[in-house]
Amino acid sequence: MSDRDVNTPGISDSSRLATLAGADRPLHALAHRLLDVAERGLPLMLLPEGDGFVFTRAARRPGDGTRTLERRGISLRYAAITALGVRFLPADRRRAVLGGRTAEEFTGLLVERLSGVRNLGDAALVAWAAAETGHPKLSDALDRVAALDRPGTPQYTVEAAWVLSALAAARVTRAVDVEDRLTAARDRLLRARIGRGPLFPHATGPGLTPWYRAHIGCFADQTYPLQALARAHASGDGDSEALAAADACAARICALQGEGGQWWWHYDARRGTVVEGYPVYSVHQHAMAPTALLDLAEAGGGDFGEAVRRGLRWMAEVPELAAAGRPEPMIRDELGVTWRKVYRGDPKKAVRAARGLGTRVLPGLRLGPLDRVFRPAAVDRECRPYEFGWMLYAWLGGLPGQRPAHPDALPNSTGGKPR
């Protein structure tokens, strides 16, 4: 399916947003607001040549949230994620975000760079975007992934999950045979879990992380695998083991979700417990948790919609800042950003390090005084393009088969932003 044929509803026509509206009208309005911020902010992150995206827009100094933000660095993976999300916008609005290009044309620029790519995650995301935009060089992109993904070599869990998602997307196109590779990628993720625990560690095998952190997995190490396994199940004739693993992971992180809707940061993959909650990242709240959990539901897994809504609500309420007497909006409409995270401000991430090492020796160790000394009341005033890419993907996307087939027949597909 090409970029020209993909579902491009106006924001009000997304089935996921319609479901959100039925459950919680204020959150529906909040989602509209966030999507408007994303569409306004992404062009400000586009490189001058229009062929990629910066790594971040950030305040010049800590605590400076009102002046002009600096554009820093370049990121191929963030560009690929942005292409995945922007493709769901109406055609003219895609071009406005991507410097006049379609998502397929923009992805083509990324594919052309793959020969020089050395990072598996970057290559997998470009291949995923090539599959979903119907790029004719999808096979070349997948070959580059295969060249970087040596059999039997441990990989970071997030990157291994992206490989599986790319292969699942490629399988749907029927343009290339990926069955053997998909099975290997699926099996690797399932084997990565420690014992019978539902959560995933940071790497699929030993050697990539220090021994004292081998039991820890971050939030991304949970959402990307559960999404990939759900998509693998949905892309073929069904895979009950993959779907069950995705469901179990989702159920556990939802059970551990904070009272204020927080998606916590570090977990003990052996025990299925939280090691350290902070930082709480905006992208987890408005994009990564929604896209993974909504994909899972559409694939036939559990309905975790209430947890998605609790997480989204955090974006407007931010209980950590209210409790510290430092109320500050995480959504800055006028700047086209959502601030990246709320964190403790502890020197050299001391709390995270102490709890990571402590739980290796004594599982379940909390070191409670650290919570009182280092309260989570600091705001990281930066915003990265992938955050908006996944937001668009989460709320405007959906699994193949869940999307209308003829976007040109939909209202608002030729411009304007329905409210």
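Position 1 is the first residue of the sequence, and the numbers go up from there.
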(message) Is there a side-chain contact between Val176 and Leu138 in this structure, where contact means two heavy atoms from C-beta onward sitting under 4.5 Å apart?
(response) yes
(request) Considering only NZ, NE, NH1 and NH2 on the basic side and carboxylate oxygens on the acidic side, decide whether Arg213 and Glu276 come within less than 4.0 Å. (result) no
(request) Take atom CZ of Arg326 as the centre, draw a 6.0 Å sphere, and report whether it contains more than 12 heavy atoms from other residues, nucleotides or ligands. (result) no
(message) Tell me whether the count of non-hydrogen atoms from other residues, nucleotides or ligands lying under 6.0 Å of CD in Glu179 goes above 12.
(response) yes
(request) Kindly check if the number of other-residue, nucleotide or ligand heavy atoms within 6.0 Å of CD1 (Ile74) is above 12? (result) no
(request) Please answer whether the main-chain N or O of Trp339 pairs with a side-chain N or O of Ser282 as donor and acceptor at a distance below 3.5 Å. (result) yes
(message) Tell me if a side-chain donor or acceptor on Thr157 pairs with a main-chain N or O of Pro201 at a distance below 3.5 Å.
(response) yes
(request) Could you tell me if the ring centre of Phe106 sits under 6.0 Å from that of Phe53? (result) yes
(message) Using a strict threshold of under 4.0 Å (side-chain N to carboxylate O), is an ion pair present between Glu241 and Arg186?
(response) yes
(message) We want to know whether Glu320 and Trp314 form a side-chain donor-acceptor pair, criterion being a heavy-atom distance below 3.5 angstrom.
(response) yes
(message) Could you check whether Arg87 pairs with Glu104 (Lys NZ or Arg NE/NH1/NH2 to Asp/Glu carboxylate O, under 4.0 Å)?
(response) no
(request) Taking the side chain as every heavy atom from C-beta outward, state whether Arg381 and Leu69 have any atom pair closer than 4.5 Å. (result) no
(request) Answer with yes or no whether the side chains of Arg188 and Thr204 bring together a donor and an acceptor at under 3.5 Å. (result) no
(message) Ring centres under 6.0 Å, that's the criterion: do Phe219 and Trp264 meet it?
(response) no
(message) Just so I know, are the side chains of Pro400 and Glu298 near enough to count as touching, which here means a heavy-atom distance under 4.5 Å?
(response) no
(message) Check for me whether the distance between the ring centres of Tyr278 and Trp265 falls short of 6.0 Å.
(response) no
(request) Would you check if the side chain of Asp333 reaches a backbone N or O of Leu335 as a donor-acceptor pair within less than 3.5 Å? (result) no
(request) Run the salt-bridge test on Arg57 and Glu382 with the 4.0 Å N-O cut-off and return the result as yes or no. (result) no
(message) In the structure I gave you, are the side-chain heavy atoms of His266 and His202 within less than 4.5 Å of one another anywhere?
(response) no
(request) Would you give the length of the straight line joining atom CD1 of Ile253 to atom OH of Tyr267, rounded to the nearest 0.5 angstrom? (result) 5.5 Å
(message) Taking the basic N atoms (NZ, or NE/NH1/NH2) and the acidic carboxylate oxygens, is any pair closer than 4.0 Å for Arg181 and Asp149?
(response) no
(request) Answer with yes or no after comparing the ring centroid distance for His286 and Trp390 against a 6.0 Å cut-off, counting only values under it. (result) no
(request) For Thr291 and Met288, indicate whether the former's side chain and the latter's backbone hold a donor-acceptor pair under 3.5 Å. (result) no
(request) Report the relative orientation of the aromatic rings in His28 and His32; use parallel for angles under 30°, tilted for 30 to 60°, perpendicular for over 60°. (result) perpendicular
(request) Salt-bridge test for Arg77 and Glu159: reply yes if a basic N is under 4.0 Å from a carboxylate O, no otherwise. (result) yes
(message) Under a 4.0 Å threshold between the charged nitrogen and the carboxylate oxygen, would Asp51 count as salt-bridged to Arg113?
(response) yes
(request) May I ask you to say whether Arg309 pairs ionically with Glu306, meaning some side-chain N is under 4.0 Å from a carboxylate O? (result) yes
(message) Is it the case that the side chain of Gln285 and the backbone of Gly261 share a donor-acceptor pair, with hydrogens and angles ignored and the cut-off at 3.5 Å?
(response) yes
(message) So does Cys383 get a backbone contact from the side chain of Thr56, meaning a donor-acceptor N/O pair under 3.5 Å?
(response) yes
(message) Please determine whether a side-chain nitrogen of the Lys or Arg among Asp295 and Arg16 lies less than 4.0 Å from a carboxylate oxygen of the Asp or Glu.
(response) yes
